[in-house]
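Down below is the structure, laid out as structure tokens.
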Amino acid sequence: MSNKFKRLPGFRDFPPEDLTVRAHVFEAWRRVSRRYGFMEYDGPPLEPLELYVEKSGEEIVAQLYNFQDKGDREVALRPEMTPSLARMLAERSRSLPKPIRWFSVPQLFRYERHQRGRLREHFQWNVDVVGEKGVSADAEVLAIGIDGLRELGLTDQDVRARVSDRRLLSALLGAVGVEEERRPAAFSVIDKMEREGPHKSRQRLSAETGVSSAMAGDVLELLGADLDTVAAHFPERDEVGQEVARLSEYMDILDAMGVGSFVELDLRIVRGLAYYTGIVFELFDRKGELRAICGGGRYDRLLELVGGEAQPAVGFGMGDVVLTDLLGERGLLPNTARSLDFYVVAVGEELRPRALSLAQALRERGRSVSYSLKRQAVGKQFKSAVTEGAREVIVLGPDEVARGVAVVRDMVSGKEREVSLEDLGDDGWRMRES
RNA sequence: GUGGGCGUAGCUCAGGUGGUUAGAGCGCCAGGUUGUGGUCCUGGAGGUCGCGGGUUCGAAUCCCGUCGCUCACCCCA
């Protein structure tokens, strides 16, 4: 490429075909959000660096797209939306009716080497319920995420949700003797288990927590089991039992909502962000070829951390990159071809004014209309009509106009008929025909 | 940040072992003499062969560097 003005690495242009796809996804997200009664919000793309330090977890902070502005402020392009949301709510959650149901479609940024499904910039559908600590809120949030995918044509054959609960994980670790302070380290081991494999994970868990290697192995094995099996292992522990009961209720609600076939328990899901406190989940393509499409969970402490009123909260983020890749693989991308209702052809220069006013009249009625911007032979104008995707061409010729009519050609069937110029302006001819 | 692969027109790619004005298809523009498209025919625009340096009489072709793309690792929205 000889263009010296290149895109920054990891950033995308959106020419019309790509923007059509993006808009298709955004529209589905927004439709589903509104269907569940959520209100859209937004915030600044540039935030004080400190908003993310310590609240988001090392993973995000290490990859912040940050710099110093001209006022010597340390700033960062937002890597996630939740802290901004938390700040907004810290200022006003007291005065809002609960539960608060808000969503957003922000563009987020991270500074890291890009690869498939992971760029330096992406758009992310954020959905949050604030002010409700019961599992029905957790369930509703996951259901919206799943519905967002269904809205785009994906089914339970294409995607699945893997859900876990940090409270249950914590209770399990406690049950085998892992101290409270050691549990975050244990979470980290569990989070990496799928990549590192059972042997290494067992060694690391044992080393990080002090429990025996055998015990560590037992715990890790249990993470892949179902709820009943987990419960059966700790009949005497109230804490584990309560957590199991809660997750069980959560699953029942999802079943009742009709999305149960998408959901599986998987205690190996932890999520990297530091602020999650309860149920966490991730959505994946069934084939497991792509990265997570979506991730979220409960974060009951975050509002306090940014100086607001303590409020329970649960939400998720769904990025557009992996999702669009998946839609592409499943042939679910929208048609990006151009289309027009009408193309007006003027036969002879004298009729151009007439063509323009007809086009305007149709546009005022909400029709999409185009015509040649320069003097052109009729054949040329027809070619343009095809290029622009016109469904019908209206031909204004001297003979017909003299008789008060125009020829309307259906570009699919090739059939032509005469319509009076009077009727063309108000669609009366269309009504009579159909 | 680490490693592998790749980098020729807008797109997909040709260009044996280095040799004169770098090619094709598609797309784009213009024509095929101002009343009808999706086929066809003709012509045209468009490339400092990613960039820089080196080897050579001579490099798209070999060597080094660099940038970019891509895959994997790290990590994960």
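Proteins come first, then strands; the chains are lettered A, B, ... in the order of their sequence lines, and each starts at number 1.
In RNA chain B, runs of at least 3 consecutive Watson-Crick or G-U pairs, each pair with both distances below 3.5 Å, span B:1-7 with B:67-73, B:10-13 with B:23-26, B:28-32 with B:40-44, B:50-54 with B:62-66.
Formation of a donor-acceptor pair under 3.5 Å by the Gln381(A) side chain with backbone atoms of Gln376(A) is found in this model. Checking side-chain atoms of Glu392(A) against main-chain N and O of Met411(A) turns up no donor-acceptor pair under 3.5 Å. At distances below 3.5 Å, at least one donor-acceptor pair connects side-chain atoms of Ser357(A) with backbone N or O atoms of Arg354(A).
Within the 4.0 angstrom heavy-atom criterion, base atoms lie near Glu416(A). Residue contacts for Leu119(A): at a heavy-atom cut-off of 4.0 Å it reaches a base atom on one of the strands shown. Residue-level contact check: Gly414(A) touches the bases, meaning some heavy atom is under 4.0 Å from a base atom. Residue contacts for Glu112(A): at a heavy-atom cut-off of 4.0 Å it reaches a base atom on one of the strands shown. Across all strands, Glu400(A) comes closer than 4.0 Å to base atoms (heavy-atom distances). Across all strands, Ala377(A) comes closer than 4.0 Å only to sugar-phosphate atoms, never to a base (heavy-atom distances). Gly319(A) comes within 4.0 angstrom of no nucleic acid atom, judged by non-hydrogen atoms across all strands.
In this structure, the CZ atom of Arg271(A) is 16 Å from the P atom of C75(B), given to the nearest Å. One can place CD1 of Ile190(A) at 16 Å from P of C75(B), the figure rounded to the nearest angstrom. As rounded to whole Å, 16 Å separates atom P of C69(B) from atom CZ of Arg118(A). Between the P atom of G1(B) and the CG atom of Leu64(A) lies a distance of 16 Å, rounded to the nearest Å. Following rounding to the nearest Å, Arg291(A) (CZ) and C73(B) (P) show an atom-to-atom distance of 8 Å. In this structure, Arg409(A) atom CZ and U36(B) atom P are separated by 10 Å, rounded to whole Å. At whole-Å resolution of the value, CZ in Arg338(A) and C1' in G37(B) are 15 Å apart. In this entry the distance linking CZ of Phe284(A) with P of C76(B) reads 12 Å, nearest Å.
In this structure, the nucleotide among G38(B), U34(B), A30(B) sitting nearest to the side chain of Val386(A) is G38(B). The side chain of Arg110(A) sits closest to C76(B) out of A30(B), U36(B), C76(B). The side chain of Val395(A) approaches G35(B) more closely than any other nucleotide in the set G38(B), G35(B), U70(B). In the set C75(B), U70(B), G38(B), C75(B) carries the atom at the smallest distance from any side-chain atom of Gln63(A). Of the candidate nucleotides G35(B), G38(B), C75(B), C75(B) has the atom nearest to the side chain of Lys192(A).
With both ends at atom P, the span from C64(B) to A45(B) equals 39 Å, rounded to whole Å. Separation of the P atoms belonging to C63(B) and G19(B) is 15 Å when rounded to the nearest angstrom. Spacing between U48(B) and G23(B) at atom P, rounded to whole Å, works out to 15 Å. Nucleotides U2(B) and G10(B) place their C1' atoms 35 Å apart, quoted to the nearest Å. Annotation: G16(B) and A9(B) have their C1' atoms spaced 24 Å apart (nearest Å). Separating the P atom of G27(B) from that of C11(B) is a span of 15 Å, rounded to the nearest Å. Nucleotides C40(B) and G58(B) have their C1' atoms positioned 45 Å apart, rounded to a whole Å. For the C1' atoms, the distance from U56(B) to G50(B) is 23 Å, rounded to whole Å.
Heavy-atom distances to RNA chain B give each of Ser413(A) and Glu349(A) a nearest nucleotide, and the one nearer the 5′ end belongs to Glu349(A). Toward the 5′ end of RNA chain B lies the nearest nucleotide of Thr387(A), the other residue of the pair Lys415(A) and Thr387(A) mapping further downstream.
Using a 4.0 Å cut-off between charged nitrogen and carboxylate oxygen, Glu208(A) and Arg182(A) do not count as a salt-bridge pair. Comment: Glu282(A) does not engage Arg162(A) in a salt bridge, judged by the lack of any side-chain N to carboxylate O separation of less than 4.0 angstrom.
Residues Gly315(A) and Asp128(A) share a closest heavy-atom pair of CA-OD1, 3.2 Å. Contact record, Gly278(A) with Asp165(A): C-OD1, 3.1 Å, taken as the closest heavy-atom pair.
Taking the six-membered ring where the residue is Trp, Tyr36(A) and Phe38(A) present perpendicular rings, their angle passing 60° and hence far from 30°. Under the 30°/60° scheme for interplanar angles, the aromatic rings of Phe109(A) and Tyr65(A) are found to stand perpendicular.
In terms of phosphate contacts, His114(A) brings no side-chain nitrogen or oxygen within less than 4.0 Å of OP1 or OP2 of C71(B).
Dense packing is recorded around CZ of Arg286(A), with more than 12 heavy atoms of other residues, nucleotides or ligands lying under 6.0 Å away.
Val141(A) places none of its side-chain heavy atoms less than 4.5 Å from the side chain of Asp138(A).
Geometrically, Arg120(A) engages Tyr111(A) in a cation-pi contact defined by less than 6.0 Å to the ring centre and at most 45° from the axis.
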Below 3.5 Å between N/O atoms, which protein atoms pair up with nucleotides 42-46 of chain B? Just atom names and distances, please.
none

